[in-house]
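Following: one structure in structure tokens, then a few remarks.
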Amino acid sequence: MFTADLLDGQTAIITGGGTGLGLAMARRFASLGANVVLASRNQSHLDDGAATIVTTVPDARVLTVAMDVRRPDDVDRMVNEAVGRFGRVDILINNAAGNFVCKAEDLSPNGWNSVINIVLNGTFYCSRAVGRHMIAGGHGGSIVSILANYVWTGSAGTIHSAAAKAGVMSMTQTLAVEWARHKIRVNAVAPGPIESPGAAKQLWASEADVARITEMVPLKRWGQPSEVADAVTFLVSPQSGYITGDVLTIDGGAWLGRGTFGFVS
Ligand code: HXC
Ligand code: NAP
């Protein structure tokens with residue numbers, strides 16, 4: 001279904017593309033012929049990510065942009081640099097995120113704002129900047145945001161992230177309708193637990209945490225970043241050309257497994 005030239009000549013911006021899930025998507029896109037733009041705060045994340053991509057895709061075309069999605073000026077510069085290097089932008093993956101476990105009653109205003117600013121406001125700034133570029137160019141495009149499966153349930157322990165991701169889900173539905181006339185499709189994926197060092201450091205530091213989470217997943221295993229890349233590749237491909245405003249859950253059945261009779265083995 002996916003040929004090696006699926007994304008030939010297209011340009012994809014992946015925020016947070018130097019690590020974890022973002023890097024897995026960037027690698028996949030590069031292997032399918034796309035120009036990839038990795039954008040995040042830490043230049044060493046970006047350099048390591050670019051080196052990883054070139055190791056597996058030697059002729060990859062990779063641009064790195066050090067920026068903070070919380071700063072609209074940085075976001076505009078990211079789009080300008082991408083257009084300056086590759087001519088236009090066809091795909092945006094809103095993947096950058098911040099998260100940490102904290103009880104709601106202990107969360108400071110600055111802690112709340114830091115996650116809301118990265119996930120909710122940053123996704124808006126990036127979508128707006130890339131959307132304006134796609135609308136002006138008249139070439140359309142595809143935007144995919146990375147949510148989490150707790151958009152369906154809420155998430156005790158990460159209220160900032162749960163609220164922000166739910167807001168991005170609403171943004172996805174809203175933009176899908178507003179921008180359909182510009183041939184811009186807007187979708188999202190909602191992963192459950194996926195192996196990733198960045199998330200592990202913030203959210204599941206101990207072996208006991210990992211074991212408890214594994215037990216909660218009906219498929220009894222963690223997802224791989226490549227499985228998220230599979231789903232997102234589908235959503236940016238012509239094979240999903242009639243899908244917009246939707247959310248694809250990638251969680252081994254985890255959120256459904258929270259039902260009353262979830263103990264049945
Ligand atoms: C309580 C905390 C905290 C913690 C930070 N804060 N960590 N409060 N518990 N563990 C508070 C700080 O005290 C401060 O508030 C405020 O948050 C901002 O902290 P800074 O360190 O100044 O923020 P900043 O440098 O902007 O960093 C943002 C960050 C950080 C979100 C706090 O963790 C980060 O950069 N994360 C990026 C990577 C990441 O989180 N990846 C995981 C994504 S995984 P005060 O009041 O003291 O000033 C994911 C998976 C979800 O999302 C789904 C799983 C199923
Ligand atoms: P990760 O490696 O920590 O990824 C987060 C990325 O966001 C990093 O590359 C980070 O790069 C970037 N970032 C953070 N703040 C930023 C900012 N202000 N501006 C620009 N970039 C910023 O963790 P991950 O697991 O791969 O997470 C990727 C996405 O998947 C996130 O949206 C996360 O919520 C989602 N997700 C993950 C899981 C999971 O189980 N792993 C499950 C559900 C959803 P810098 O530090 O260089 O800025």
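Scope of the values below: all heavy atoms of this structure, side chains included, with no hydrogens, waters or symmetry mates. Counting starts at 1 for both ligands and their atoms, in listed order.
Ionic pairing of Arg77 and Glu81 is present here: one or more N-O contacts between side-chain nitrogen and carboxylate oxygen are shorter than 4.0 angstrom.
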Show the short N or O contacts, below 3.5 Å, that ligand 1 makes with protein N or O atoms; if there are none, say 'none'.
| from | atom 1 | to | atom 2 | distance (Å) |
| --- | --- | --- | --- | --- |
| ligand 1 | 15 (O) | Ser108 | OG | 3.3 |
| ligand 1 | 26 (O) | Arg70 | NH1 | 2.8 |
| ligand 1 | 26 (O) | Arg70 | NH2 | 3.2 |
| ligand 1 | 33 (O) | Gln202 | NE2 | 3.0 |
| ligand 1 | 35 (O) | Arg41 | NH1 | 3.1 |
| ligand 1 | 35 (O) | Arg41 | NH2 | 3.0 |
| ligand 1 | 40 (O) | Asn99 | N | 2.9 |
| ligand 1 | 40 (O) | Asn99 | O | 3.4 |
| ligand 1 | 46 (O) | Ser108 | OG | 2.6 |
| ligand 1 | 48 (O) | Asn110 | ND2 | 2.8 |
| ligand 1 | 52 (O) | Asn99 | ND2 | 3.1 |

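Between Thr52 and Leu23 the shortest side-chain heavy-atom distance falls below 4.5 Å. A heavy-atom distance below 4.5 Å is not found between the side chains of Leu256 and Trp152. Looking at heavy atoms from C-beta onward, His160 lies out of side-chain contact with Val119 at the 4.5 angstrom threshold. For the pair Ile93 and Val236, the minimum side-chain heavy-atom distance is below 4.5 Å. Counting heavy atoms from C-beta outward, Pro191 and Glu227 have side chains that stay 4.5 Å or more apart.
Residues satisfying the salt bridge (Lys or Arg N to Asp or Glu O under 4.0 Å) criterion with Glu215, sequence neighbours excluded, are Lys220. Applying the side-chain contact (heavy atoms from CB on, under 4.5 Å) test to Ser196 and every residue at least two apart in sequence or in another chain returns Leu21, Ala199.
When heavy-atom distances to ligand 2 are checked against 4.0 Å, the residues falling inside are Gly16, Thr19, Gly20, Leu21, Ser40, Arg41, Asn42, His45, Met67, Asp68, Val69, Arg70, Asn95, Ala96, Ala97, Ile118, Ile146, Leu147, Ala148, Lys165, Pro191, Gly192, Pro193, Ile194, Ser196, Gly198, Ala199, Trp204, ordered by chain and number.
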Apply side-chain hydrogen bond (donor to acceptor under 3.5 Å, both in side chains) to Asn117 and Asn121, showing your working.
CA-CA 5 Å; Asn117 281 335; Asn121 295 340; 2.6 Å; yes
